[in-house]
Novice: 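One structure is given below, represented as structure tokens, and several questions about it will come after.
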Amino acid sequence: QVQLVESGGGLVQAGGSLNLSCAASGRTFNSNAMGWFRQAPGKEREFAAGISWSGVSTYYEDSVKGRFTISRDNAKNTVYLRMNSLTPEDTAVYYCAGSRFRTVVFSGYDYWGQGTQVTVSS
């Protein structure tokens, strides 16, 4: 059974930082792009960041550019999201996802984690 398990969410004050992790099990994602999505209350889920299978290419949604950093450790089958300078607008459930493709696209994610809550207080 394929599982993606996120961790590292929580409550942080505005301006603070959090590190999210996503550990995969049941299959390797070393040949697949990975992504982080987020869903704020009352809003649709949106793409936040993506990373290619090799880690060479990364992509970010405009509002998180320069503040979030996605990375991966293929030896550990794990992807990370470092979030700095957090604002209340970043409050959302953050989901890790595994793509069917090697390069980053905004769709085609077949595997999803259960999500981790990130709450940023003002």
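Note: hydrogens, waters and symmetry copies are ignored here, and every other heavy atom, side chains too, is used. In this text, all values refer to a predicted model and were calculated from it rather than measured experimentally.
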Novice: If you measure from OG1 on T116 to CG on L20, what distance do you get to the nearest 0.5 Å?
Specialist: 6.0 Å

Novice: Tell me, do S121 and V12 make a side-chain contact under 4.5 Å, heavy atoms counted?
Specialist: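 Not touching, per the 4.5 Å side-chain cut-off.
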
Novice: Looking at S122 and A14, what are the two nearest heavy atoms and their distance?
Specialist: CA-CB, 4.3 Å

Novice: Roughly how far, to the nearest 0.5 Å, is the SG atom of C22 from the CZ atom of R72?
Specialist: 10.0 Å

Novice: Between W36 and V79, is any pair of side-chain heavy atoms under 4.5 Å apart?
Specialist: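 The answer is yes; the side chains approach within 4.5 Å.
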
Novice: Would you check if the side chain of Y109 reaches a backbone N or O of A33 as a donor-acceptor pair within less than 3.5 Å?
Specialist: no

Novice: Might you work through the side-chain contact (heavy atoms from CB on, under 4.5 Å) test for L18 and V118, ending with a clear yes or no?
Specialist: CA-CA 9 Å; L18 281 175; V118 171; 3.8 Å; yes

Novice: Short question: side chain of E6, backbone of G115 - any donor-acceptor pair under 3.5 Å?
Specialist: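 Confirmed, E6 side chain pairs with G115 backbone.
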
Novice: As an exercise, state the distance from CZ of R102 to OG of S54, rounded to the nearest 0.5 Å.
Specialist: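 So the CZ of R102 and the OG of S54 are separated by 8.0 Å.
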
Novice: Quick one: side chain to side chain donor-acceptor pair (under 3.5 Å) partners of T119, sequence neighbours excluded?
Specialist: Q117

Novice: Consider only side-chain heavy atoms of I, L, V, M, F, W and Y, link residues closer than 4.5 Å, and tell whether L81 and F37 are in one cluster.
Specialist: no

Novice: Keeping N74 on the side-chain end and W53 on the backbone end, is there a donor-acceptor pair under 3.5 Å?
Specialist: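 Here the side-chain-to-backbone pair exists.
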
Novice: May I ask whether Y59 and M83 are part of the same hydrophobic cluster, defined by side-chain heavy atoms of I, L, V, M, F, W, Y residues being less than 4.5 angstrom apart, directly or through others?
Specialist: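 Per the 4.5 Å side-chain linkage, Y59 and M83 are not co-clustered.
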
Novice: Step by step, work out the side-chain contact (heavy atoms from CB on, under 4.5 Å) result for S63 and E89.
Specialist: CA-CA 10 Å; S63 68; E89 289 67 37; over 6 Å; no

Novice: Does C96 reach the side chain of M34, with side-chain heavy atoms less than 4.5 Å apart?
Specialist: yes

Novice: May I ask you to test the V104-T58 pair for a side-chain heavy-atom distance under 4.5 Å?
Specialist: no

Novice: Does the Q39 side chain pair with the main chain of V93, one donor and one acceptor, at a distance under 3.5 Å?
Specialist: no

Novice: Using the salt bridge (Lys or Arg N to Asp or Glu O under 4.0 Å) criterion, which residues pair with K65? Sequence neighbours excluded.
Specialist: D62

Novice: Start with the C-alpha distance between S25 and V5, add both sets of side-chain angles, then the distance that settles side-chain contact (heavy atoms from CB on, under 4.5 Å), and finish with yes or no.
Specialist: CA-CA 8 Å; S25 62; V5 180; 5.7 Å; no

Novice: Quick one: side chain to side chain contact (heavy atoms under 4.5 Å, CB included) partners of N32, sequence neighbours excluded?
Specialist: R27, F29

Novice: Side-chain atoms of residues 40-49: list all donor-acceptor pairs with protein atoms under 3.5 Å, sequence neighbours left out, distances to 0.1 Å.
Specialist:
residue	atom	partner	partner atom	Å
E46	OE2	R38	NE	2.7
E46	OE2	R38	NH2	3.3

Novice: With no hydrogens and no angle check, is any side-chain donor or acceptor of S52 less than 3.5 Å from a backbone partner on S57?
Specialist: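 Checking the backbone N and O of S57 against the side chain of S52, a donor-acceptor pair under 3.5 Å is found.
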
Novice: Residues in salt bridge (Lys or Arg N to Asp or Glu O under 4.0 Å) with R82, at least two apart?
Specialist: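 Per chain and number, R82 pairs via salt bridge (Lys or Arg N to Asp or Glu O under 4.0 Å) with no residue.
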
Novice: Give every residue pair that meets the ring pair (Phe, Tyr, Trp, His ring centres under 6.0 Å) criterion with at least one member in residues 62-102, sequence neighbours excluded.
Specialist: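 Sorted pair list comes back empty.
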
